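These numbers were taken from a predicted model, which means no experiment stands behind them. Here is how names work: the chains are called A, B, and so on, in the same order as the sequence lines, proteins then strands, and each is numbered from 1.
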Amino acid sequence: MERKRRKLAAQYDAERAANGGGVAQVSSIFDGVTIYVNGYTTPSAMTLRRYMLQHGGRYEFQLHRSSVTHIIATTLPDAKIKFGPASDVIVHPQWIVDSIAAGKQLAVERYLLFANAYKSMAGQQSLAESLGLATAAGESLAIAPELDRRTTAGDALTRRAAGAAGAADVEQAHPDLDGLGMRRSKDEPIDPGLARLTTLGGGDFVQKFYSNSRLHFISTSRMASQEFLRKALAERYSTSQPLAREAGARQVIFHVDMDCFFASVALRDRPHLANAPVVVAHALNGSVESKSDIACASYAARARGISNGMFMGAARRKVPDLVVVPYEFDKYAAVSKALYRVFVAFSDKVQAVSVDEAYLDMTGLGQPAELASEMRAQIHELSGCTASIGAGPNMLLARIATSLAKPDGFRFLSHEHATFEIDALPLRKLPGVGYKTVRKLAKAGITSCAECRAQPRARLQALLGGSVGAKLYDTVRGLDSGTVTLPGPRKSIGTEISWGVRFTDATGAEQFVRELAGEVGRRAVEAAMVGATLTLKIKQRHPDAPAEASKFLGHGKVNSFSRSTTLAPPSSDAVALADAALTLYRGLGFEATTVRGVGIALTRLSEVESERRPALQPAAIDSQTTLSAEWHPPAVTGVGGRGAEGTVELPTFSQLDPSVIAELPAETRRELEIVYRRRLAERKRDAGRGTLTQMARPTLPSRPASAAKTKPAPMVIVLDGASGSDDDDFVSPPPQTRGSSDEGSGRDDGVDPEFLAALPSQLRREVEADLKRTSPRKSGRCDGGRKRQRGGAPSLSQIFHPSQAEGGRAARRRHLLSG
DNA sequence: ATCCTCCCCTAC
DNA sequence: TAAGGTAGGGGAGGAT
Ligand SMILES: Nc1ccn([C@H]2C[C@H](O)[C@@H](COP(=O)(O)OP(=O)(O)OP(=O)(O)O)O2)c(=O)n1
Ligand SMILES: [Mg+2]
Ligand SMILES: [Mg+2]
């Protein structure tokens, strides 16, 4: 350790010496080059400076447009990616290193940090048309090189789409680029020193991340608070009589929220900082460049323009004497606990909002001002921190009252004063009105609460959607019909990490997926729940984004993708979840080096009493005799930790005997139908995007989350069991989508999601619209082609609703079709 | 109509 | 340098 420090110090000294003292020039590689180094780089700015001086170049400490010829950076501020002047030559420092190694100045093209791919096309009319993208997939592939040619730095993702057109074309378009070289040089620069902080760093990344993530902390605290309330209130209901409330009293709601929560805790234990501009963040010595998030700013800091969520650098620029204090999660948890104890002491109707905040129904419990005063005193007593309380006739006004009361205050906001106070607020301050909503409203010329109130409800709904529009219509009038209630059972259990996520190979990425699946499984077990749907979310570096984000080890600009699948039986088992998640992950077909975030969630949850039983009770089916004889043995992966004994693997749809189904009790039949419908939907979906589960995958999935919807399946999948056992794996597409030669090329017309992702959103929309128009669902093709091989299999509806479809047929088929 | 998947948005 | 999570409401668009 000590040795390491000495070594670093020595290195620093050497650099300084090189910097201060004269540096001998040993070559003229960089004749005429003047660099300016932006942000953190590897090698360091000082090292780069020395390189320049040694090799005939010049180094500027400031960005003088007149003299600087190259800006050197490993990351770009997001703003620059979006708005950066096309004239800027921003180059990765590797250019300098490689040039020196090569003994000559290499062309910068492949080291450019970003590609202003479509700038030059801004004026063109039908973009899709001009690119020849409009028709079939084959043609869209053919134009890819053309697309590339317009790309300043040639993006690997676009090129990937071009792959099918032949690498030679790419080479011709870019004689100085070597196929995927750009992609690689983009995604590789993480150096060993940094790597240890990422998913590449070793076993405890996830654990370490969670223990340092404030967002993880406040999210999980919220669930913990709810759990605490559930228990405390339930206990209270069962052991004592309900709180005595004055009959007929008008409803009074409290909204209680700690003042600058994290900072309050910090100041409580650091009284000397009471009046200093304090923020809570990781970057204790963050410079004006720092992109560390500020979780919480003290009121002294807020008075100087600092707010929660701001980047450290931005704050430091405003307030150079900012005092940064570290996170103290244990303390926050303790204070939160004390706070919630006060809550349940004052009311038996409490709704948790967050670690530092809740609603209380105080109807008929006394004078609001007195209650609030007492409650605030208790909170302060027990926690050493101050809270503010807003009160009102409904939750909305209580909440708005809180913001008026802060800090360390109380305020009752009646209907009478509601619109007056509301009109004094910027739209953004209204609950439910976030960044996007403000923008949509502004675009429609609505910029204030008063203007909002002047709009017909229908207009707001047209602008914002039926629900949000109607909600806002009420909000600006101070109306809210919500009641203080604990939320019902959880609807999802998920985890996601989008910081420090870097992989060099598929194995590492898959291992990480496994790890997160384990995490979700653990939480599910803890919650005594199993999930029937697993969703995988992937963030992939945006094709235009540089390898490294502006925020240190952040995800940067990304496209997101989500894919879900059914777990049968519903599960919380780490292995089962991991298998499902990995299948989905592989189905996306992403280059591991481009992945910047991974998330896994379980939904369609149900509770398990003993943690031993799946949601679908085997007994319900078993009792129906005949089916069980035909079942496949339980699949190993589906069973989960609960042991094979209690679980059931459903037979393939095609194996069902309609007549047997018909004899099942209505409820069981409904349950089965839901399961099979779901499977069917998944097959279609997967087939549509050309996802292949286990085999080689010549084609690729669909659009990114941020893109417009893409078309669905070109195929109608028929579950007729023609291929026997491999359709046991309901996650995989049916056999006829695969490797079959029925469509010449052997690939279906799924469009590469990365390709679509590479397009600007407007162009992408056009492309997708055109794809839709010109290659209408070819459902007819497959329909006509391969289905019904053996005299026609019954449809799902026919199976489950024989009366509707063809009642007679069910009776005629007295056996399972295969298996 | 209603369900489903994938996505967006919001809040702390 | 830095720890950009998590859950719920809701909508679009396709399938049934
Ligand atoms: N972008 C954000 C917002 C909040 N928090 C954390 C830190 C806050 O202290 C805590 C509570 O959030 P609040 O919205 O209640 O804000 P504060 O309590 O900090 O201030 P206020 O007095 O406005 O409630 O959540 C965070 O980490 N990042
Ligand atoms: Mg607060
Ligand atoms: Mg709060």
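Atom CZ in A:Arg196 sits about 14 Å away from atom P in C:dA2, given to the nearest Å. Taking atom CE on A:Met310 and atom C1' on B:dC12, their separation rounds to 18 Å, with Å as the unit. In this structure, A:Lys539 places its NZ atom 15 Å from P of C:dA3, rounding to the nearest Å.
Among the atoms of the strands shown, none is found under 4.0 Å from any heavy atom of A:Pro487. A:Leu516 comes within 4.0 angstrom of nothing in the nucleic acid, heavy atoms only. Using a 4.0 Å heavy-atom distance criterion, A:Arg439 is classed as making no nucleic acid contact. Within 4.0 Å of A:Gly494, counting heavy atoms only, lie sugar-phosphate atoms of the nucleic acid but no base atom. Heavy atoms of A:Thr495 sit under 4.0 angstrom from primed sugar atoms or phosphate atoms, though from no base atom. As judged by a 4.0 angstrom heavy-atom cut-off over every strand, A:Gly466 is placed among residues touching the sugar-phosphate backbone only.
Outside the 6.0 Å centre-distance limit, the rings of A:Phe217 and A:Tyr327 are not counted as a close aromatic pair.
A distance cut-off of 5.5 Å between ring centres, combined with a plane angle under 30°, places A:His555 in a stacking arrangement with the base of C:dG4.
A:Lys471 has no side-chain polar atom (N or O) that falls below the 4.0 Å cut-off from OP1 or OP2 of C:dG10.
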